[in-house]
Protein chains: 2
Amino acid sequence: MRSAELLRNSFIFQGLTEAQIGELTTICAEWDYPKGATVFLEGDRARGFYLVASGLVKIFKLAFDGKEQILHIFGPGEVFGEVPVFVGGNYPANAVTLEASRIVFFPKDEFLSLIGREPQIALNMLADMSLRLKRFTHLIENLSLKEVPSRLAAYILFLLEDKRGEAEVRLQISKGHLASVLGTIPETLSRIFNRLTSEGVIEVKGRNIVVLNRARLEQIAAGL
Amino acid sequence: MRSAELLRNSFIFQGLTEAQIGELTTICAEWDYPKGATVFLEGDRARGFYLVASGLVKIFKLAFDGKEQILHIFGPGEVFGEVPVFVGGNYPANAVTLEASRIVFFPKDEFLSLIGREPQIALNMLADMSLRLKRFTHLIENLSLKEVPSRLAAYILFLLEDKRGEAEVRLQISKGHLASVLGTIPETLSRIFNRLTSEGVIEVKGRNIVVLNRARLEQIAAGL
DNA sequence: CGGGTACTTGACAATGGTCAAGTGTGGTGG
DNA sequence: CCACCACACTTGACCATTGTCAAGTACCCG
C-alpha cells in the first residue's frame with residue numbers, strides 16, 4: 001500500500017516502527033479532492049484530522065465581509081485539523097484545497113487510543129504543535145508589530161533560505177493568496193512589489209522574484 | 001509539600017495519579033519573582049518550562065521600537081514556555097511578571113523522559129497546546145480582520161462570560177497592558193473607551209466597566 | 001503631601017484599505 | 001491555432017483608521 005510509504009516520510013509519523021505504521025494504515029482513509037474543494041469549514045464538528053498526500057491546502061479565517069487571513073498553507077507530508085482532536089471538537093478555521101489534492105484522514109477516536117499506547121506518536125504530535133505555535137507567534141508579531149513591506153521582505157527572505165546561493169525564488173501561490181498570507185489585500189501587495197522594484201531591490205517576473213539587493217531587503221524586513 | 005496540591009489543580013496535570021504527581025514533584029523547583037521580573041527573554045536557551053503558582057505573567061513579543069504585543073497573560077495553574085521543550089530549544093517570546101509571582105520550574109530532560117512513560121501527561125500537554133493554538137487563531141483573526149473597537153468589544157464580552165447575569169466587569173490588567181493585548185496603543189484604546197462611553201454602550205470607572213447596552217456591544221464585536 | 005506613572009486629549013501624519021477602471025494572461029473551445 | 005473569456009493582477013484617486021508627538025490631568029504609592 002502506498003500510504004505506508006507516505007506516513008514514514010511525514011514529519012508527524014517519522015521515526016515510528018513498522019508495527020506502528022501498520023496500525024496507522026488500518027485506521028486511516030484516503031480521499032481525492034479537486035481544486036478549490038472544501039475539506040472542512042470553521043465550526044464543523046471534527047471527526048478526525050488530515051494529512052496531505054499530494055497537493056496544497058490553505059487553512060484560513062474568514063471575515064464577515066469576505067476578506068480572508070490565511071493561517072497556513074500545507075503541502076505533502078503535513079497534517080492539519082488536529083486541534084479539535086484534543087480540545088473543543090470543532091474546527092477553528094476553514095480548509096480548502098488550492099490544487100487537486102489527495103488527503104489522508106485519521107479518525108479521532110482510533111487515533112487517540114493509538115496515541116495512548118504509543119508515546120512516540122504523542123511526542124511527534126507535540127513537536128508538530130510546538131512548531132505550529134512558534135509560527136503563529138511570528139505571524140502575530142508580523143501582523144501587530146510590522147508593516148506590510150517588512151512582512152513581504154521577510155517572506156521573500158524566507159523563500160530564499162532553502163536556495164543557498166541563488167537569488168531567484170518562485171512563489172508557489174498566487175499573489176492574491178500571498179496578500180492573504182501577509183494579512184493584506186492584492187492592491188496593497190501590488191503597490192509594494194512595485195515600490196521594491198522601482199527601488200531596485202527586487203525584480204518581479206510573474207511568479208518569479210529576483211533579489212537584486214539582499215542587504216537592503218534584510219533592512220526592510222527588520223523594519224527599516 | 002504545597003506543590004503537590006498545586007499540580008493537582010493545574011489544567012496540565014489534572015487527572016494524574018498520586019504516583020505521577022509524586023514523580024513530578026521530585027523534578028520541579030519553585031522560585032519567587034518580584035513584580036516586573038524577567039523569567040526569560042526571546043531567544044534564551046530553554047532548560048525547561050514553567051507553571052504559575054501565584055501571580056501573573058505576561059508573554060510578549062517586542063518590536064525594535066519598543067512596542068509590545070502581548071501573546072498571553074497567565075495566572076495560577078497555567079503553564080508557559082513549553083514550546084522549546086519539544087522543538088527548537090529557544091524561547092520564542094519574552095516572559096515578565098506583572099505581579100510578584102511564585103513560579104514552578106520543570107526541567108526539560110526529566111520532563112521528556114517522564115512524558116514517555118506517562119501518556120496521560122502527554123495527552124494533557126496536547127490539549128493545552130491545542131487550546132493555545134485555538135486562542136492564537138482568534139488573536140490572528142482579530143489583528144488581521146477586525147478593527148480595534150471590535151477587539152475591545154469582544155474582550156469585554158469575554159470578561160462578561162463568566163459573570164452570568166452581571167453587567168459589570170473588572171480589568172485585571174492596566175489599560176496600557178490591555179492596549180498591548182489588543183494589538184494597539186494606549187492613546188487609541190483611550191479614545192475608543194471614550195467613544196463607547198459617549199454612545200452609551202458602556203460606563204468606565206477606573207478598571208471597572210459597566211455594560212449598559214450589551215446588544216450594541218455584540219454588534220460592535222461582530223464588526224458593526 | 002509629593003512624585004512618578006498611568007491615562008487622557010489634541011493636532012497631525014501616514015499606512016493601508018476601498019472603489020473603480022483598466023491591463024494583461026492563461027486556458028478552453030470553436 | 002487562434003479567439004475569447006474569465007480571472008489575476010495593476011493602477012489611480014480617495015479616505016478611514018490608527019499611530020505619532022506633545023501636553024496636560026489624574027491617580028496611586030510611599
Side-chain angles (χ1 to χ4, degrees), chain A residues 34-36 58 62-70 96 98-100 142-153 170-199 202-209 220 223-224, chain B residues 34-36 58 62-70 96 98-100 142-153 170-199 202-209 220 223-224:
Chain A
K35 175 176 177 173
K58 68 172 171 182
L62 218 46
F64 68 105
D65 66 357
K67 191 188 166 191
E68 67 179 46
Q69 170 66 48
I70 292 179
V96 168
L98 291 179
E99 300 174 356
N142 281 335
L143 291 173
S144 174
L145 303 173
K146 293 184 176 169
E147 298 172 350
V148 183
S150 293
R151 299 179 212 162
L152 175 58
R170 182 169 175 80
L171 301 175
Q172 53 292 65
I173 53 175
S174 74
K175 287 178 187 167
H177 281 126
L178 177 56
S180 179
V181 164
L182 298 179
T184 187
I185 56 174
E187 290 96 319
T188 298
L189 182 63
S190 185
R191 284 181 239 271
I192 291 167
F193 265 129
N194 213 317
R195 194 153 101 216
L196 292 179
T197 300
S198 65
E199 286 171 2
I202 60 174
E203 195 175 349
V204 182
K205 293 176 293 188
R207 285 198 179 183
N208 286 56
I209 300 170
I220 293 169
L224 194 269
Chain B
K35 176 176 175 171
K58 68 172 172 182
L62 219 44
F64 69 104
D65 66 356
K67 192 189 165 191
E68 67 179 47
Q69 171 66 48
I70 292 179
V96 167
L98 291 178
E99 301 173 357
N142 282 333
L143 291 173
S144 175
L145 303 175
K146 293 184 177 169
E147 298 172 347
V148 183
S150 293
R151 299 180 213 162
L152 175 57
R170 182 171 176 77
L171 302 174
Q172 53 291 66
I173 53 175
S174 74
K175 288 178 186 169
H177 281 125
L178 177 56
S180 178
V181 165
L182 298 179
T184 185
I185 57 174
E187 292 96 318
T188 298
L189 182 62
S190 185
R191 284 181 239 271
I192 290 167
F193 265 129
N194 215 316
R195 194 153 102 217
L196 292 179
T197 300
S198 66
E199 285 171 2
I202 59 173
E203 197 175 347
V204 182
K205 294 175 297 188
R207 284 198 179 183
N208 286 57
I209 300 170
I220 294 170
L224 195 267

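As the structure is a prediction and not an experimental result, all values here were calculated from the model. Each chain gets a letter, A, B and so on, in the order the sequences are listed, and its residues count up from 1.
- Note on the helix from C/dC1-D/dG30 to C/dG30-D/dC1: terminal axis deviation equals 50°, with five pairs used at each end and the result rounded to 10°.
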Verdict with supporting geometry, B/I202 and B/F193, side-chain contact (heavy atoms from CB on, under 4.5 Å): CA-CA 8 Å; B/I202 59 173; B/F193 265 129; 3.7 Å; yes
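- Contact record, B/S144 with A/G183: OG-CA, 4.1 Å, taken as the closest heavy-atom pair.
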Stepwise side-chain contact (heavy atoms from CB on, under 4.5 Å) check, A/L143 with A/Q69: CA-CA 11 Å; A/L143 291 173; A/Q69 170 66 48; 4.1 Å; yes
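- When DNA chain C is scanned in the 5' to 3' direction for atoms under 4.0 Å from non-hydrogen atoms of chain B, the outermost contacting nucleotides are C/dC7 to C/dA11.
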If you apply the rule side-chain contact (heavy atoms from CB on, under 4.5 Å), what do you find for A/E68 with A/H177, and how did you get there? CA-CA 9 Å; A/E68 67 179 46; A/H177 281 126; 4.1 Å; yes
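- Of all the heavy atoms in B/G176 and B/P186, the pair that sits closest is CA-CG, 4.2 Å.
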Show, in sequence, the C-alpha distance, side-chain angles and deciding distance for A/L152 and A/I220, and conclude whether the side-chain contact (heavy atoms from CB on, under 4.5 Å) test is met. CA-CA 9 Å; A/L152 175 58; A/I220 293 169; over 6 Å; no
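- A pairwise comparison of heavy atoms in A/S150 and A/G223 identifies OG-CA, 3.5 Å as the closest pair.
- For the pair A/L182 CG and D/dC9 C1', the computed distance is 16 Å after rounding to whole Å.
- Across A/N142 and A/R151, no two heavy atoms sit closer than the pair O-NE, 3.1 Å.
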Detail all sub-3.5 Å separations between protein N/O atoms and N/O atoms belonging to nucleotides 14-20 of chain D.
unit_1: D/dT18; atom_1: OP1; unit_2: B/V148; atom_2: N; d: 2.9
unit_1: D/dG19; atom_1: OP2; unit_2: B/T184; atom_2: OG1; d: 2.5
unit_1: D/dG19; atom_1: OP2; unit_2: B/T188; atom_2: OG1; d: 3.0
unit_1: D/dT20; atom_1: O4; unit_2: B/R191; atom_2: NH2; d: 3.0

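- When all heavy atoms of A/K67 and A/T184 are compared, the closest pair comes out as CE-O, 3.9 Å.
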